[in-house]
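Working notes, structure below.
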Amino acid sequence: MLFLVLCTFSEDEQVWIEQLFNENHTLLYKVSYQLLQSETDAEDAVAQAFLNIWNILKKFSQLPRRDQIPYSVIIAKNASYDILVRRKR
């Protein structure tokens with residue numbers, strides 16, 4: 001799935017996305033795990049967070065670098081909250 005998504009971006013965008021993923025995956029996983037208390041759900045939340053970032057890539061990439069990490073955390077928290085809501089149904 002990741003490969004298919006990356007194929008739609010330019011080489012520069014692919015490098016940028018991979019760098020963003022490598023730099024933030026662990027942090028986003030920890031944040032999601034704290035909320036969800038489930039490894040599987042935390043991984044799902046992180047995957048959804050990165051899909052959400054890719055959907056707004058142009059806007060996200062224009063943020064100053066110092067704002068990208070906090071914004072990523074907010075996106076991961078929201079993805080985690082969505083999972084919590086689905087759990088309660």
Short question: side chain of [X], backbone of [Y] - any donor-acceptor pair under 3.5 Å?
{"X": "R86", "Y": "Y81", "result": "no"}
{"X": "S32", "Y": "Y29", "result": "no"}
{"X": "N24", "Y": "L20", "result": "yes"}

Handout entry: Exercise: do N52 and Q48 side chains pair donor with acceptor under 3.5 Å
Key = yes

Problem - Any donor-acceptor N or O pair under 3.5 Å, side chains E23, Q19 - result: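 The answer is yes; a qualifying pair exists.
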
Exercise for the section: Report the C-alpha separation of L57 and W16 in whole Å, then their side-chain angles, then the decisive distance to 0.1 Å, and conclude whether the side chain to side chain contact (heavy atoms under 4.5 Å, CB included) test is met. Expected result: CA-CA 10 Å; L57 183 62; W16 186 84; 3.0 Å; yes

Problem - L27, I75, T26, L28 screened by side chain to side chain contact (heavy atoms under 4.5 Å, CB included) with V46, the one that passes - result: L28

Handout entry: side chain to side chain contact (heavy atoms under 4.5 Å, CB included) partner of S72, chosen from F21, F60, F50
Key =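 Exactly one option meets the side chain to side chain contact (heavy atoms under 4.5 Å, CB included) with S72, and it is F60.
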
[X] versus [Y], closest heavy-atom pair with distance:
{"X": "S80", "Y": "L35", "result": "CB-CD1, 3.8 Å"}
{"X": "K58", "Y": "Q62", "result": "O-CG, 3.2 Å"}
{"X": "Q68", "Y": "L63", "result": "NE2-O, 3.2 Å"}
{"X": "A45", "Y": "L36", "result": "CB-CD1, 4.0 Å"}

Problem - Flag side-chain contact, heavy atom, 4.5 Å: E43 against H25 - result: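 E43 reaches H25 side chain to side chain.
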
Exercise for the section: Treat each ILVMFWY residue as a node, draw an edge where side-chain heavy atoms are under 4.5 Å apart, and state whether I74 and I56 are in one component. Expected result: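 No, I74 and I56 fall in different hydrophobic clusters.
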
Practice task
Mark yes when over 12 heavy atoms from residues, nucleotides or ligands other than R66 sit less than 6.0 Å from its CZ; otherwise mark no.
Solution key: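 No, not enclosed.
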
Handout entry: Over 12 non-hydrogen atoms of neighbours within 6.0 angstrom of CD in E11
Key =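 Counting neighbours around CD of E11, 12 or fewer heavy atoms of other residues, nucleotides or ligands fall under 6.0 Å, so no.
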
Handout entry: Distance in Å, D82 CG paired with K77 NZ, rounded so as to fall on 0.5 Å steps
Key =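 Going from the CG atom of D82 to the NZ atom of K77 covers 14.0 Å.
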
